[in-house]
Structure formats: C-alpha cells, structure tokens
Amino acid sequence: MSEATRKRVLKAVHELGYRPNPSARRLRTGHSGLIGLAVPDLATPYFAELAQHVRAEAAQLGLTVLIEETSGDATEELRLATGVGASLLDGVILSPLGVSPDELAAVANEFPLVLLGERSYARDQVGADHVLIDNVAAAREATAHLAALGRTRIAAIGVDRQASATSRQRLEGFQLALHEAGVTYDPRLAPRIKEFDRRNGLLAMRALAALPAGVRPDAVFCFSDLLAVGAQRALFEAGAHIPDDVAVASIDGSDEALYSTPSLTSVVPDKAAIASLAVKCLAARIRSDVPLPFEVHTAPHWLHARESTNGGRQQLFR
C-alpha cells in the first residue's frame with residue numbers, strides 16, 4: 001500500500017482502539033500466532049533468563065509467548081504438552097520435570113511440542129524435538145577445573161533424592177572428572193538434597209563443613225548457581241575463605257553467579273542458542289504442511305572462571 005494509505009490505516013487503528021482477535025485470526029489462517037513456554041519455576045534465575053530469550057526470539061518470528069509455571073507437577077506438564085485447556089496455542093515449549101517419558105511418548109504426536117532440558121529416554125521414544133546441553137560434559141569441565149587447582153577433597157551438592165535426570169547426568173560428569181584426576185569419589189562428600197535452591201545448598205554445605213578435618217572438602221561443585229549461592233553463605237558463616245579454604249564452582253551461568261560475592265565460577269549454557277533452537281523448531285513444526293523428522297539439538301556451553309576459584313578481585317565490567 002502507499003504511505004498515505006498506511007498512515008490512514010494506523011490512524012484508524014489508534015482512534016478505534018483496534019486489537020487483533022486471536023480467535024478470529026485462527027479461524028482464518030489456522031494459527032493464532034501464540035505459543036506457550038512452560039517451565040518448573042520462574043523464580044529460578046536460569047528459567048527467568050531463558051524466558052526472556054524465548055520471548056525475544058519468538059518476537060522476531062511474529063509469535064507471542066504465553067508463559068506457564070508448572071512447579072514440576074506431572075499433571076500440569078502433561079496438560080500443556082497436549083494443548084488441553086490452551087486451545088489458542090499453536091504449540092508449546094516445555095521443560096518437563098515431573099512427567100515420565102512414557103507419559104510424554106503417549107501424547108507427544110498430538111500437538112506441536114519442543115522439549116527442553118535433560119533427556120532421560122531413547123532418541124525415538126518420544127515424538128518431539130529436544131533442545132539441551134551436554135550435562136555430563138558441563139559437570140566434567142567444572143569438576144576438572146577444581147581438580148586442576150590441586151583440590152583433592154571435592155564435594156558435590158546436587159544429588160537429589162528424586163534421582164532426576166539433571167542430578168544423574170551432572171553426578172556422572174562429576175565422577176568422571178574425579179576419575180580422570182585420580183581422585184576417589186567419596187559418598188560422604190555428596191549429601192542428598194531435596195531441591196536445587198539456596199536453602200538446600202546452605203544446609204548441604206553446613207553438613208559438609210561439619211565433617212572431620214581429614215574429610216572436610218577443599219572444593220565443592222554445585223549442580224546449580226542457586227545451590228552454590230547457598231553453599232557460599234554457609235562457608236561465610238563457618239569462617240571459611242573462598243577460594244583459599246574451599247573453591248566453589250557450579251552450572252547455570254545466571255546473573256546470580258555474576259553478582260554474588262565472591263563472583264561464582266559457573267558453566268554457562270548458551271541460553272540464547274537454546275531459545276533460538278527451541279522457537280525455530282516449534283515454528284517450523286507449526287507451519288509445516290507435512291510431518292517433520294524429530295531432532296535433538298545440543299546447545300553450546302562454556303566455563304566462566306571467576307573469583308570463587310581464581311581468587312582475588314575481578315572487575316565485572318571494564
């Protein structure tokens with residue numbers, strides 16, 4: 001249209017207070033332009049930051065994101081995976097925590113779906129695209145970094161009582177790095193936790209700090225930044241110096257790690273890449289007229305060493 005016509009249309013839109021009607025749009029095109037993002041906990045910095053990246057990536061493709069918090073409830077995750085109760089959504093990006101692989105496998109073909117996070121099933125078991133990082137490699141790199149500092153009593157905080165895929169895979173990487181460094185795995189240095197949060201990190205580190213001097217850790221690998229922040233608080237309470245007495249490393253690469261004191265060494269998953277892969281996979285599946293093969297995408301990650309292992313004081317921004 002001409003520029004004059006465009007201005008007239010926009011003027012009328014403003015005067016009439018016009019807003020697009022997703023229901024009407026779906027009747028005309030078969031698509032609403034709405035997708036869902038379902039994560040366990042929006043208070044967790046990792047998921048909050050990931051949601052920002054998903055919204056930005058979706059906007060570039062003309063899509064709007066509705067965000068749901070599942071609290072890891074299997075029934076809620078299954079409801080969203082099938083599109084039940086969300087009839088206007090064209091598809092969903094889901095980070096499952098409570099739902100089982102068998103439950104997902106039974107419904108995955110019914111609705112455009114992309115899964116995020118750890119994969120604890122065979123590649124062809126669940127009919128959905130999957131975007132993840134290599135958790136074993138990430139945990140291995142963080143632990144190897146601690147071992148390279150000469151630490152020999154390395155603890156792990158994150159072995160959960162539910163034996164989640166996240167916990168299992170990060171423990172595997174932890175143990176692999178210990179073996180490669182010639183360090184024996186000591187179950188006493190891997191206390192079990194309930195949740196990946198600050199409080200559980202605090203309580204686990206308190207228990208580790210109370211061990212006899214010959215067993216007490218000189219380094220700790222935490223399976224999330226929040227666990228590490230709690231662990232650092234416990235070390236502060238105990239009068240321990242980081243990293244001189246105990247070096248600390250984790251996984252998540254959240255802003256929480258950057259601004260903690262001392263700043264936290266952390267494995268950084270490429271959240272922008274995770275979001276881009278997930279949104280593009282979902283958009284392609286929504287818009288395709290023919291079935292597409294299901295794919296597994298591994299996003300990159302890297303280790304960012306900071307004060308909690310390197311010591312000293314580092315200026316965040318120069």
Side-chain angles (χ1 to χ4, degrees), residues 22-23 26 30-44 46-48 50-51 53-55 57-58 63-133 135 160-170 194-197 224 271 274-275 277-288 291-299:
S23 298
R26 186 159 197 174
H31 302 301
S32 66
L34 302 176
I35 62 173
L37 171 65
V39 298
D41 183 9
L42 283 168
T44 300
Y46 175 83
F47 288 119
L50 180 64
H53 287 292
V54 169
R55 290 182 62 186
E57 186 67 32
L63 299 171
T64 299
V65 182
L66 302 182
I67 301 173
E68 291 271 359
E69 185 178 62
T70 66
S71 300
D73 180 75
T75 301
E76 182 68 4
E77 290 175 352
L78 199 61
R79 179 184 72 82
L80 291 164
T82 57
V84 174
S87 58
L88 286 180
L89 295 181
D90 292 332
V92 167
I93 298 170
L94 170 66
S95 180
L97 187 61
V99 67
S100 72
D102 288 339
E103 290 172 317
L104 276 177
V107 301
N109 287 315
E110 299 178 8
F111 188 62
L113 177 67
V114 173
L115 301 176
L116 299 179
E118 293 65 37
R119 186 164 58 94
S120 58
Y121 49 83
R123 185 185 182 101
D124 58 353
Q125 182 180 354
V126 176
D129 296 311
H130 205 130
V131 180
L132 55 122
I133 68 164
N135 267 295
D160 64 29
R161 297 172 183 174
Q162 298 80 18
S164 67
T166 302
S167 180
R168 292 198 311 272
Q169 292 174 14
R170 294 182 182 180
K194 294 181 180 179
E195 304 288 343
F196 278 31
D197 59 17
S224 78
K271 302 179 195 71
I274 293 171
L277 288 166
V279 172
K280 288 176 180 176
C281 281
L282 187 63
R285 196 159 295 283
I286 290 168
R287 294 167 179 174
S288 177
L292 299 175
F294 298 113
E295 298 179 340
V296 176
H297 298 277
T298 302

Item to complete: Can you measure from CG (Leu113) to CD1 (Ile93) and round to the nearest 0.5 angstrom?
Response: 9.5 Å

Discussion item. Going by the rule side-chain contact (heavy atoms from CB on, under 4.5 Å), which residues pair with Ser100 if we only count those two or more places apart in sequence or in a different chain?
Written reply: Asp102, Glu103

Worksheet item: Which pair of non-hydrogen atoms, one from Pro96 and one from Leu116, has the smallest distance, and what is that distance?
Response: CD-O, 3.4 Å

Worksheet entry | Between CD1 on residue Ile274 and CD1 on residue Ile133, distance to nearest 0.5 Å | 6.5 Å

Discussion item. Could you work out, with side-chain contact (heavy atoms from CB on, under 4.5 Å) as the rule, every residue matching Thr75, not counting sequence neighbours?
Written reply: Asp73

Discussion item. I'd like to know if the side chain of Arg170 reaches the main chain of Asn135, judged simply by a donor and an acceptor atom lying under 3.5 Å from each other, with no hydrogens or angles considered.
Written reply: no

Worksheet item: Quick one: does Asp129's side chain get under 4.5 Å of Leu282's, heavy atoms only?
Response: no

Discussion item. What verdict does the side-chain contact (heavy atoms from CB on, under 4.5 Å) test give for Leu104 and Leu115, after you've listed the backbone C-alpha separation in whole Å, the side-chain angles of each residue and the deciding distance to 0.1 Å?
Written reply: CA-CA 10 Å; Leu104 276 177; Leu115 301 176; 4.0 Å; yes

Worksheet entry | Separation of Leu292 CG from Arg287 CZ (nearest 0.5 Å) | 12.5 Å

Discussion item. Checking Thr44 now: which residues fulfil side chain to side chain donor-acceptor pair (under 3.5 Å) with it, not counting sequence neighbours?
Written reply: Asp41

Discussion item. Quick check: closest heavy atoms across Ala283 and Leu63, and the distance to 0.1 Å?
Written reply: CB-CD1, 4.2 Å

Practice prompt. Decide yes or no on side-chain contact (heavy atoms from CB on, under 4.5 Å) for His297 and Lys280, but give the supporting numbers first.
Written response: CA-CA 11 Å; His297 298 277; Lys280 288 176 180 176; over 6 Å; no

Worksheet item: Which pair of non-hydrogen atoms, one from Gly33 and one from Asp90, has the smallest distance, and what is that distance?
Response: N-OD2, 2.8 Å

Discussion item. According to side-chain contact (heavy atoms from CB on, under 4.5 Å), who are the partners of Glu195, at least two apart in sequence or on a separate chain?
Written reply: Asp197, Asn200

Response to the item:
Residue set satisfying side chain to side chain donor-acceptor pair (under 3.5 Å) with Ser167, at least two apart, ordered chain then number -> none

Worksheet item: So do Phe47 and Ser95 actually touch side chain to side chain, heavy atoms under 4.5 Å?
Response: yes

Discussion item. Is there a side-chain contact between Leu89 and Ile35 in this structure, where contact means two heavy atoms from C-beta onward sitting under 4.5 Å apart?
Written reply: no

Fill in: Any Phe294 side-chain heavy atom under 4.5 Å of His130 side chain
no

Practice prompt. Tell me, with the steps shown, if Val114 and Arg285 meet side-chain contact (heavy atoms from CB on, under 4.5 Å).
Written response: CA-CA 9 Å; Val114 173; Arg285 196 159 295 283; 5.8 Å; no

Discussion item. How long is the straight-line distance from CD of Glu76 back to CD of Glu69, given to the nearest 0.5 Å?
Written reply: 10.0 Å

Worksheet entry | Counterpart residues, side-chain contact (heavy atoms from CB on, under 4.5 Å), relative to Leu97 (two or more places apart) | Pro40, Glu77

